[in-house]
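From a predicted model like this one, the values you see are computed outputs, not experimental measurements.
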Amino acid sequence: MNGKILVIGSSNTDMVVQSEKLPVPGESVVGHQFLMNPGGKGANQAVAAAKLDGKVTFIAKVGNDIFGMEAKKGFEAHGMDTSYIIEDIENPSGVALIMVDAKGENCISVALGANLALKKVEIDAAEQAFVEADFLLMQLEVPLETVIHAAETANSKGIKVVLNPAPAQAIPAALYKHLHIITPNETEASMLTGIEVTDEVSAMKAAKALKAKGAEIVIITLGSKGALVVSDDMEELVPSQKVKAVDTTAAGDTFNGALVVGLSEGMVLKEAVVFANKAAALSVTKMGAQSSIPLRNELNY
Ligand code: RIB
């Protein structure tokens, strides 16, 4: 089995400055290195899936500018189907300003631009992509109504929907029943459930609450601790390997892209989570978003 993966989501260009510490409001700090590299949660997840040998089609909206053109070239270079990358003549491509500290922690502010103009009608126009897909992977950097519409469309065609609810925002109760998997981190799980996730016990509580809302499988990513999985057959923390973090940007995106690749290859859930943990751990050892995502041969899988 090698199922097809459809990713719908954002594409940004990331402007990254690395410094010893993150500034507090009103403070200026002197940074070290500057890096411009392709990012955006949707694009990162699509590129992660492609770099890990998934068969990927990506639906996204970019501006009619240099950032949009470069992003599209990158998707093509990774072997993705780019037939549904739409050029917006009214809005600029998304740009993210990112600061990273010496421990690899970050702060991100995104001007989403064209990403916010991805409409339901453009999802309908990509009907053929839905005919061919086995999995649909989405995040929340494009309009929520587009995400809901795509999830409904996918569901009606028997496509398994995986939602990474990032950045954190409330989602309607009706969306959960369309979700095969939901993959929040601690902050997003806390926001969605009202249960403050601080450790494994509170994460388990939150995961069960999300499952009760209707998602078939809940995976809460817990950074270096690994990923907590709750499904009908599994309630378990799948640990991650310890690495020296350089930049945690896109670790969650790498996890999601890898998870769906594993499932699309027929791995059982736990194996796919181990695979995803491994890919995410490797990604934090390098700077940047898409530039940090490992290739399949780096994973020995
Ligand atoms: O998840 C990381 C991503 O979030 C960055 O690449 C940035 O573009 C923001 O969308």
Side-chain angles (χ1 to χ4, degrees), residues 1-11 40-61 75 78-86 115 118-167 169 171-172 174-184 188 210 213-219 221 231 252-267 269 272-273 275-276:
M1 170 184 169
N2 232 356
K4 278 200 156 188
I5 301 166
L6 176 60
V7 182
I8 300 178
S10 59
S11 169
K41 294 184 193 302
N44 295 346
Q45 295 183 17
V47 167
K51 280 178 113 172
L52 295 167
D53 290 353
K55 290 187 196 152
V56 181
T57 299
F58 186 34
I59 302 179
K61 203 168 224 187
F75 305 148
H78 289 301
M80 288 156 47
D81 180 347
T82 57
S83 329
Y84 306 98
I85 303 295
I86 306 154
N115 295 301
L118 185 67
K119 298 275 157 52
K120 290 201 273 189
V121 59
E122 283 144 351
I123 300 304
D124 292 339
E127 201 191 342
Q128 190 55 30
F130 281 83
V131 171
E132 291 165 4
D134 298 284
F135 288 88
L136 169 62
L137 175 59
M138 294 189 288
Q139 325 68 35
L140 300 176
E141 280 188 331
V142 295
L144 186 57
E145 57 170 24
T146 305
V147 170
I148 296 167
H149 182 64
E152 285 167 356
T153 307
N155 222 248
S156 70
K157 296 183 188 309
I159 299 167
K160 290 184 166 155
V161 180
V162 179
L163 178 69
N164 173 227
Q169 67 167 286
I171 57 176
L175 181 56
Y176 285 95
K177 68 171 188 292
H178 297 307
L179 303 182
H180 177 52
I181 310 183
I182 188 165
T183 60
E188 292 141 12
L210 288 169
K213 284 175 188 271
E216 241 177 286
I217 299 168
V218 179
I219 302 177
T221 52
S231 72
D253 298 332
T254 305
F255 180 93
N256 279 278
L259 176 75
V260 177
V261 169
L263 296 173
S264 76
E265 291 181 4
M267 290 182 197
L269 180 59
V273 174
F275 177 69

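Counting heavy-atom neighbours within 6.0 Å of Lys160 NZ, excluding the residue itself, gives a total of 12 or less.
Atoms CD1 and CG, from Ile181 and Leu259 in turn, are 5.0 Å apart once rounded to the nearest 0.5 Å. To the nearest 0.5 Å, atom NZ of residue Lys177 and atom NZ of residue Lys213 are 13.5 Å apart. If you take CD on Gln45 and CD1 on Ile5, they are separated by 11.0 Å, rounding to the nearest 0.5 Å. To the nearest 0.5 angstrom, Glu122 atom CD is 9.5 Å from Ile59 atom CD1. Interatomic distance, OG1 of Thr183 versus CD1 of Ile219, reported as 7.0 Å (0.5 Å rounding). How far CG of Asp124 is from NE2 of His149: 3.5 Å, rounded to the nearest 0.5 Å.
Contact check for Phe130 versus Ile123: side-chain heavy atoms found under the 4.5 Å cut-off. You'll find the side chain of Val261 reaches within 4.5 Å of the side chain of Phe275, heavy atoms only. Side-chain atoms of Leu140 and Leu163, non-hydrogen and from C-beta on, do get closer than 4.5 Å to each other. Annotation: side chain of Ile182 is in contact with side chain of Pro165 (closest heavy-atom distance under 4.5 Å). Side-chain contact check for Leu263 versus Asp134: every heavy-atom pair is 4.5 Å or farther apart.
The aromatic rings of His180 and Phe135 sit tilted relative to each other, their planes meeting at an angle between 30° and 60°.
Nearest heavy atoms, Thr146 versus Lys120: OG1-N, 4.0 Å.
Counting only distance, with no hydrogens or angles, the side chain of Asn115 and the backbone of Val142 share no donor-acceptor pair below 3.5 Å. A donor-acceptor pair is defined here as one N or O able to donate and one able to accept, closer than 3.5 Å; such a pair exists between the side chain of Glu141 and the backbone of Lys41. One N or O on the side chain of Asp81 and one on the backbone of Ser83 form a donor-acceptor pair closer than 3.5 Å. In this structure a side-chain-to-backbone donor-acceptor pair under 3.5 Å is missing from Thr57 to Leu6.
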